[in-house]
There are 2 protein chains.
Amino acid sequence: MGIIERKKRQKQALRERILDAARRIVVHEGFAALSMRKIAEAIEYSPATLYLHFASRDEIARALCAEGYAQLLATFVPLVGIADPAERLKALGRAYVAFGVAHPQTYRLIFMEDPSYTGAALGGAAGVSDAGQAGALTDQDAASAATDSVVDTTASATAAISADPAANFATVAPAEDPGAAAMHIMLAALEELRAAGRLPASMDATVWAEALWATLHGIVALNLTCPVFPTAPLDTLVGVALDAWLGVPEATPQQANRRTAPPRNVASAAGARKKKSAADRAAQASQLESPDEPENHPPTRPPHARSAEALPKKPLSAGAKRRSTTT
Amino acid sequence: MGIIERKKRQKQALRERILDAARRIVVHEGFAALSMRKIAEAIEYSPATLYLHFASRDEIARALCAEGYAQLLATFVPLVGIADPAERLKALGRAYVAFGVAHPQTYRLIFMEDPSYTGAALGGAAGVSDAGQAGALTDQDAASAATDSVVDTTASATAAISADPAANFATVAPAEDPGAAAMHIMLAALEELRAAGRLPASMDATVWAEALWATLHGIVALNLTCPVFPTAPLDTLVGVALDAWLGVPEATPQQANRRTAPPRNVASAAGARKKKSAADRAAQASQLESPDEPENHPPTRPPHARSAEALPKKPLSAGAKRRSTTT
DNA sequence: GTCTATACGGGGATAGAC
DNA sequence: GTCTATCCCCGTATAGAC
């Protein structure tokens, strides 16, 4: 059966070449610029060939979503070991926002584009058959070298959750659903806080987890889409939000079990506000974290100019690219 | 000069017919389904004619954005009169989320699609020359009847802000920038709360306003895009979030000036959680508010089936409509 | 001045030839 | 398995009809 195996491997390889090319286009030019023809040209195949590996452009997008979500989850792995649940949650929140700012195109694709895409990212491996073996979203030309790192980290993330002693009481996260895994990380931390009396006993952990996530998503989404708000630095916003939900870190210990929410003396650095520019956004990203690949800047650029291309200059509403002779 | 006047009026009328048709398509089929050819067919003109009134499809989109944002602002008008600033903010928050759920396509277009669109909605009349005279987004066939209601309510909204006695100390909202107007509404309420000692004196009102807005936007955006989260009812989420930011309403008055944040016994109705369905989303919308036009359902349907079409079945990635013979 | 007919380039997807 | 040719959709530029 060696011949069949080889054929299977070759098919696999082409499938991943397709995804690599697609990923590169999305990261550099935005999802709107992703076209079957462009992918085909990149891998030097006919457009029709793509349909032997993916049923549609949507399916390619969903495969990219699953990869991107795994990449996001991998970001959380080193943070689940933080002992203090509030600090853990805050670190996770900062990492989440940092990911969104560092990988705007991927974040948009996963969480802001289409419900079916978001579902593919969250709905477990069932939705996307290829979610497991996909390459990382690091978007470098050497994509083949890092091929299976993402699935590994995803698996270890789930393992880390149940391995963490503090998270024992959390229900076991189903390994096949990364969305549930991430949710369980939050739930565990929230319930630890409640058990320690640092959140009200009446709190519904699920509601709080979803609301907290929505808050972080709102910060990222607004930043990616709205040119004028927020004017405040991103980390300031994240800090205020996390403190609002979890209380400021140095809560006076003697009244901790009632969560009396001490005066929120957080982030009154109003002087930092200013009109946003692309450079500001990039600066905010590096304040929070400095991840691997700053998404979508053209191949080579002076470092300070990177941020100018970090956000899509134009959504490229199909068919308005080459023909601009007059305008 | 009567003839010139008449010509100008005719041009205006055609312009609004274009916008009406475009609005109808967006509301019913989603922004992705909006095409120049489809608009032209709807108004029974040649596609080229549209370009005599709008420079591009993007410009039509931006005009629709300005309208939609004005419609959203109009929703706030009756609420700025609420005396208690916390209650006012909560009412505004609920109205905001209710708008997003009731008009998903409009909300997506304004806040989730493209930075230039969002900028057109927020950036004041400067960005979009036609923002003033646009029709309401009520999406009924009788769009001509309600033509100038939106601009009126927008103007009165700005007026109401400065007219409200409690908001006197807020800097005067520049009338030409609806984004700034909305922001000033929030700022005024937050500063009232701080002046009353119900928020910490160190609070940066601008940061809080932006963070609060981001929270609400996150709730709406997640609901519109993510098929599995949030599982909690929307109004529960909004309640928890508003309480987290503003404290629960019945804060014990004797310690009010320190904002000691009494136990948050809010919304522990965990029993209400369930997997989301389109019907649930619609139910959540009506829980919060019952606005005029439930967006994007096909012309006539039994009422309970409306919600099934309330969210776009498919983003209609251009050119995948007619040709589906196999799939 | 208004408007249409026509054309170009690009897009998703498919049928059928090799 | 792969490609060529094709279909229909799209945004939009332009020439020329009225």
Side-chain angles (χ1 to χ4, degrees), chain A residues 3-4 6-15 17-18 21-22 25-26 29-62 114 116 314-327, chain B residues 1 3-15 17-18 21-22 25-26 29-63 114 116-117 314-327:
Chain A
I3 293 170
I4 293 179
R6 176 180 53 85
K7 293 257 178 137
K8 193 177 269 178
R9 255 179 295 137
Q10 282 176 345
K11 180 152 183 159
Q12 244 318 319
L14 183 49
R15 182 192 176 84
R17 284 188 61 197
I18 293 171
I25 293 167
V26 167
E29 310 171 44
F31 174 65
L34 181 70
S35 77
M36 301 299 272
R37 291 172 144 101
K38 202 180 283 186
I39 298 171
E41 193 185 22
I43 64 171
E44 298 179 295
Y45 272 81
S46 143
T49 301
L50 302 186
Y51 291 92
L52 300 179
H53 299 264
F54 294 93
S56 66
R57 175 177 177 268
D58 272 2
E59 200 179 291
I60 295 179
R62 279 188 284 267
D114 185 279
S116 98
K314 254 301 189 173
L316 297 181
S317 54
K321 267 148 285 182
R322 198 52 42 97
R323 196 62 181 176
S324 60
T325 319
T326 305
T327 305
Chain B
M1 298 296 199
I3 292 170
I4 292 179
E5 294 279 325
R6 175 178 55 84
K7 293 257 178 138
K8 192 175 269 180
R9 255 179 295 136
Q10 283 175 345
K11 180 152 184 158
Q12 242 319 318
L14 183 49
R15 181 191 175 86
R17 283 189 62 198
I18 293 171
I25 293 167
V26 167
E29 308 171 43
F31 173 65
L34 181 69
S35 79
M36 301 299 271
R37 292 172 139 101
K38 201 180 286 188
I39 298 171
E41 192 186 23
I43 65 172
E44 298 178 296
Y45 273 81
S46 148
T49 301
L50 303 186
Y51 290 92
L52 300 179
H53 298 264
F54 294 92
S56 68
R57 175 177 177 269
D58 271 2
E59 198 178 295
I60 294 180
R62 279 189 284 267
D114 186 280
S116 97
Y117 298 168
K314 255 303 189 174
L316 298 182
S317 55
K321 265 149 287 183
R322 199 50 44 94
R323 194 66 178 175
S324 62
T325 322
T326 306
T327 305

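Numbered from 1 within each chain, the chains take letters A, B, ... in sequence-line order. This is a predicted model, so every value here is computed, not measured. Only this structure's heavy atoms are used, side chains among them; waters, hydrogens and symmetry mates stay out.
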Engineer: Which pair of non-hydrogen atoms, one from A:Arg57 and one from A:Ala32, has the smallest distance, and what is that distance?
Structural biologist: NH2-O, 4.3 Å

Engineer: Between protein and nucleotides 15-18 of chain D, what N or O pairs are separated by less than 3.5 Å?
Structural biologist:
none

Engineer: Round to a whole Å and report the spacing from CZ of B:Arg37 to C1' of C:dC3.
Structural biologist: 16 Å

Engineer: For B:Lys38 and B:Ile25, indicate whether the former's side chain and the latter's backbone hold a donor-acceptor pair under 3.5 Å.
Structural biologist: no

Engineer: Please give, in whole Å, the distance from D:dA13 C1' to B:Phe54 CZ?
Structural biologist: 19 Å

Engineer: When all nucleic acid strands are considered with a 4.0 Å heavy-atom cut-off, which category describes A:Leu34: base, sugar-phosphate, or nothing?
Structural biologist: sugar-phosphate

Engineer: Could you state the atom-to-atom distance from NZ of B:Lys7 to P of C:dC3 in whole Å?
Structural biologist: 9 Å

Engineer: Can you tell me if A:Arg62 and A:Ser116 form a side-chain donor-acceptor pair at under 3.5 Å?
Structural biologist: yes

Engineer: Across the strands shown, which category fits B:Thr49 at heavy-atom distances under 4.0 angstrom: base, sugar-phosphate, nothing?
Structural biologist: base

Engineer: What is the distance from CZ of A:Arg9 to P of D:dG1, rounded to the nearest Å?
Structural biologist: 16 Å

Engineer: Please compare B:His53 and A:Tyr51 by the position of their nearest nucleotide in DNA chain C and report the one closer to 5'.
Structural biologist: B:His53

Engineer: Roughly, in whole Å, what's the span from CG in A:Asp58 to P in C:dG12?
Structural biologist: 10 Å

Engineer: Write down the distance between CD (A:Glu44) and C1' (D:dT2), rounded to a whole number of angstrom.
Structural biologist: 15 Å

Engineer: What is the distance, rounded to the nearest whole Å, between atom CD1 of B:Ile60 and atom P of D:dG11?
Structural biologist: 9 Å

Engineer: Counting distance only, does the side-chain N/O of B:Arg17 pair as donor-acceptor with the main-chain N or O of B:Ile43 below 3.5 Å?
Structural biologist: yes

Engineer: Counting only side-chain nitrogens and oxygens, does B:Ser46 get under 4.0 Å of the OP1 or OP2 atom of C:dC3?
Structural biologist: no

Engineer: Mind checking ring-ring contact (aromatic ring centres under 6.0 Å, His included) for A:Tyr45 and listing every partner two or more places apart, or none if nothing turns up?
Structural biologist: none

Engineer: Just list the side-chain donor-acceptor pairs under 3.5 Å for residues 48-56 of chain A, sequence neighbours left out, or say none.
Structural biologist:
unit_1, atom_1, unit_2, atom_2, d
A:Thr49, OG1, A:Ser46, O, 3.4
A:Ser56, OG, A:Asp58, N, 3.3
A:Ser56, OG, A:Glu59, N, 3.3

Engineer: Specify the residue among A:Met36 and B:Tyr45 whose closest nucleotide of DNA chain C lies further upstream toward the 5′ end.
Structural biologist: B:Tyr45

Engineer: Below 3.5 Å, does any donor atom in the side chain of A:Arg57 face an acceptor in the base of C:dG11, or the other way round?
Structural biologist: no

